[in-house]
Amino acid sequence: MEKEPELQITENITEVMKIRRQKLEKLKASGENPFKAKFTRTNFIEDVIQEFGMVEPGEQTGKVVTVAGRIMVIRRHGKASFMVIKDRTGSIQLFLSMGVLGEERYKEFLDYDIGDIVGVTGKVFKTKRGELSINIESYTLLTKSLRPLPEKWHGLKDVETRYRQRYVDLIINPQTRQTLLARTKIVKAIREWLDNHNFIEVETPMLQPIAGGAAAKPFITHHEALGINLYLRIAPELYLKRLIVGDLERVYELNRNFRNEGLSVRHNPEFTMLEVYQAYADYKDMMDLCEELVKYAARQAVGSLKLVYQEQPVDLSGEWQRLTMVESIEKYGGLKISFNQNLDELRAVAKEHGIDAEDHWGKGKLINELFEKLVEGKLWQPTFITDYPTEISPLAKTKPDDPDVTERFELIIIGLEVGTAFSELTDPIDQLQRFEAQVKLHEYGDEEAPRQVDEDYVRALEYGMPPTGGLGIGIDRLVMLLTDNYSIREVISFPHMRPEARD
RNA sequence: GGGCCGUUAGCUCAGCUGGUAGAGCACCGGACUUUUAAUCCGGGUGUCGAAGGUUCGAAUCCUUCACGGCUCACCA
């Protein structure tokens, strides 16, 4: 029998870690619990600053407060020393003196390390140099920290460590904290707006027997008891529309989608999507809704509609530009094209622009490729692109006067697709045909096309779905825009990474 | 998946044309009762990402691999 490898919790015990473990043992031996269960504070640090920030340098307020937080700085000065601790609301200086604490307790406190979490009680005062401080009268160690934090001046810069050990990133880099807090504000604002407009938030399956509602390669998982494969959803769309068939009229879901595709600065395998459905509305209503919603989120989270993204101004105020796809190709690509041209002509134009067309591509797909190649990246200011080709919009209603295109738009900002919406296809017979066409694409080897017709969805449509507008917004990308982050990984608390290398 | 770049102390980084690894902060010991990146004195704590190869000698040159970043492809 092979010998079990010894369980090793930490890979390398460094000198600093050894010393901290020794301190831990010493504390335990002296009867101290270095990992306490609870601590009651009278104030957040921000409150103390609010209340006493204006007192004069040198002034003693006599006011006793109890605060708690992580030690960030220690300045030992002989018989009187300083520390800085921070809690969720801010940071404040602690003043420790042998005179107040007594020699033993003073020395014990000075033996604590940067990173330790303490609770302290003392009188608020301001030093001669004008630094608001707490003159510590009693203290308790709440949590002993066993690893050294990155240095105070340069902080933690290594991107890999920042993503893998986001907890350290959050302790050290205020910017990371701000981005994640902005994210929750944005999400909260979106829910608020929708709730205020009579939409109800619902939850639909993440585990789906057929991964539908988008064109993407799904993750496959397995249900043991049922003995079947399931897919992690690539979109909630088809279930949300079932709820519209069920006469809920206004629903939204703000949650994760999973797509088994490459990673990039704009793509994470799991990402957060908002989908909104409104009965008796069409894509134009959704355009208005989308514009209002994004503006509301920006105002709530950023406080302004005039943004800067990667040093370029982005102005969300005013009416957003609206262009059809074909118009945009002429305006931004300088290329006049139309569905009236025949397929070979369009194929030739695409080839001129370096697009490698596949045999089964039709006019719509070619035009969309041209749009993506020539236009999308240039749309920096918010722009709605409408009249998406039917060929690439299997779930949208075609325009009554032009079967080549659909009642659909995409919202492009900073060259990124932030949202898409359409007048939902409600005709079950048309829907079935489009599903069948998609399945055929899968058989051609398109792994992003569904491999199976969602017959239950068609059945639902047969009961009758009211005219409905549907909207999807990529929340991560919206957060990137509003927080001026270039990489999607910055706006995701734990972005996907390969497993850490083991040596 | 392709291309380019990177990986050196806990952190941030230097290390030239190959000569046996260095700074600041952190840490350890000492001094200091109002400091502010405190200061002063003393101490370098390292599998130079990993494995091979070339060489008298490799952090440095070559190959492969791992991880990361950017980019192209992919991705409505």
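Just so we're on the same page: letters track the sequence lines, and every chain starts at 1.
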J.: What's A:E448 touching, base or sugar-phosphate or nothing? Going by heavy atoms closer than 4.0 Å.
T.: sugar-phosphate

J.: Check this for me: does any side-chain nitrogen of one of A:E407 and A:K284 sit under 4.0 Å from a carboxylate oxygen of the other?
T.: no

J.: Which part of the nucleic acid does A:R20 contact within heavy-atom distance under 4.0 Å: base, sugar-phosphate only, or nothing?
T.: nothing

J.: Which nucleotide sits closest to the side chain of A:F95: B:C27, B:G69, B:U33?
T.: B:U33

J.: Just jot down the salt bridge (Lys or Arg N to Asp or Glu O under 4.0 Å) partners of A:E327, sequence neighbours excluded, or say none.
T.: none

J.: A:E410 side chain: which of B:A76, B:G69, B:C27 is closest?
T.: B:A76

J.: Which residues satisfy the side chain to side chain donor-acceptor pair (under 3.5 Å) test with A:R259, sequence neighbours excluded?
T.: none

J.: Atom CD1 of A:I355 and atom P of B:A73: how far apart are they, to the nearest Å?
T.: 11 Å

J.: Is the A:F384 ring parallel, tilted or perpendicular to the A:W320 ring (thresholds 30°, 60°)?
T.: tilted

J.: Using a strict cut-off of less than 4.0 Å between a Lys/Arg side-chain nitrogen and an Asp/Glu carboxylate oxygen, indicate whether A:D113 and A:K144 qualify as a salt bridge.
T.: yes

J.: Please pick, from B:U35, B:G69, B:U33, the nucleotide with the shortest atom-to-atom distance to any side-chain atom of A:R489.
T.: B:G69

J.: Could you tell me whether the side chains of A:D484 and A:Q310 share a donor-acceptor contact shorter than 3.5 Å?
T.: yes

J.: Taking only heavy atoms on the protein side, list every residue of residues 123-131 of chain A lying under 4.0 Å from any atom of RNA chain B, sorted numerically.
T.: A:F125, A:T127, A:K128, A:R129, A:E131

J.: Which part of the nucleic acid, if any, lies within reach of A:Y388 when heavy atoms closer than 4.0 Å are counted: base, sugar-phosphate only, or nothing?
T.: nothing

J.: How far does CZ of A:F494 sit from CD of A:Q165, to the nearest 0.5 angstrom?
T.: 10.5 Å

J.: Contact class for A:K23 vs. all strands (heavy atom < 4.0 Å): base, sugar-phosphate, or nothing?
T.: sugar-phosphate

J.: Ignoring backbone atoms, test whether A:R75 places a side-chain nitrogen or oxygen under 4.0 Å from the OP1 or OP2 oxygen of B:U35.
T.: no

J.: Of the listed nucleotides (B:G68, B:A26, B:U71), which one gets closest to any side-chain atom of A:E160?
T.: B:G68

J.: How long is the line joining CZ of A:F82 and C1' of B:A37, in whole Å?
T.: 15 Å

J.: Looking at the rings of A:F82 and A:F95, which for Trp means the six-membered one, are their centres under 6.0 Å apart?
T.: yes

J.: Is a side-chain donor or acceptor of A:E137 paired with a backbone partner of A:V100 at a separation under 3.5 angstrom?
T.: no

J.: Could you tell me how the ring of A:W380 sits relative to the ring of A:Y309: parallel (under 30°), tilted (30 to 60°) or perpendicular (over 60°)?
T.: tilted

J.: What nucleotide among B:A76, B:G69, B:A26 has an atom nearest to a side-chain atom of A:K152?
T.: B:A26

J.: Is there a donor-acceptor contact under 3.5 Å linking the side chains of A:Y106 and A:S81?
T.: yes

J.: What one-letter contact string describes nucleotides 39-44 of chain B from 5' to 3', where B marks a base within less than 4.0 Å of any protein heavy atom, S marks contact via sugar-phosphate atoms alone, and - marks no contact?
T.: ------

J.: Whether the side chain of A:S487 engages the backbone of A:N485 through a donor-acceptor N/O pair (distance < 3.5 Å, no angle test) should be reported.
T.: no

J.: Can you tell whether the side chains of A:E103 and A:K107 come within less than 4.0 Å, N to carboxylate O?
T.: yes

J.: Have a look at A:V265 and say if it touches a base, only the backbone sugar-phosphate, or nothing, with a 4.0 Å heavy-atom cut-off.
T.: sugar-phosphate

J.: Please enumerate all protein N or O atoms sitting under 3.5 Å from an N or O of nucleotides 1-3 of chain B, with distances to 0.1 Å.
T.:
none

J.: Protein-nucleotides 10-14 of chain B N/O pairs closer than 3.5 Å?
T.:
unit_1	atom_1	unit_2	atom_2	d
B:C11	O2'	A:G155	O	2.7
B:C11	O2	A:E151	OE2	3.2
B:U12	OP1	A:K157	N	3.0
B:U12	OP1	A:D158	N	2.9

J.: What residue among A:I85, A:V73, A:N135 forms side chain to side chain contact (heavy atoms under 4.5 Å, CB included) with A:L94?
T.: A:I85

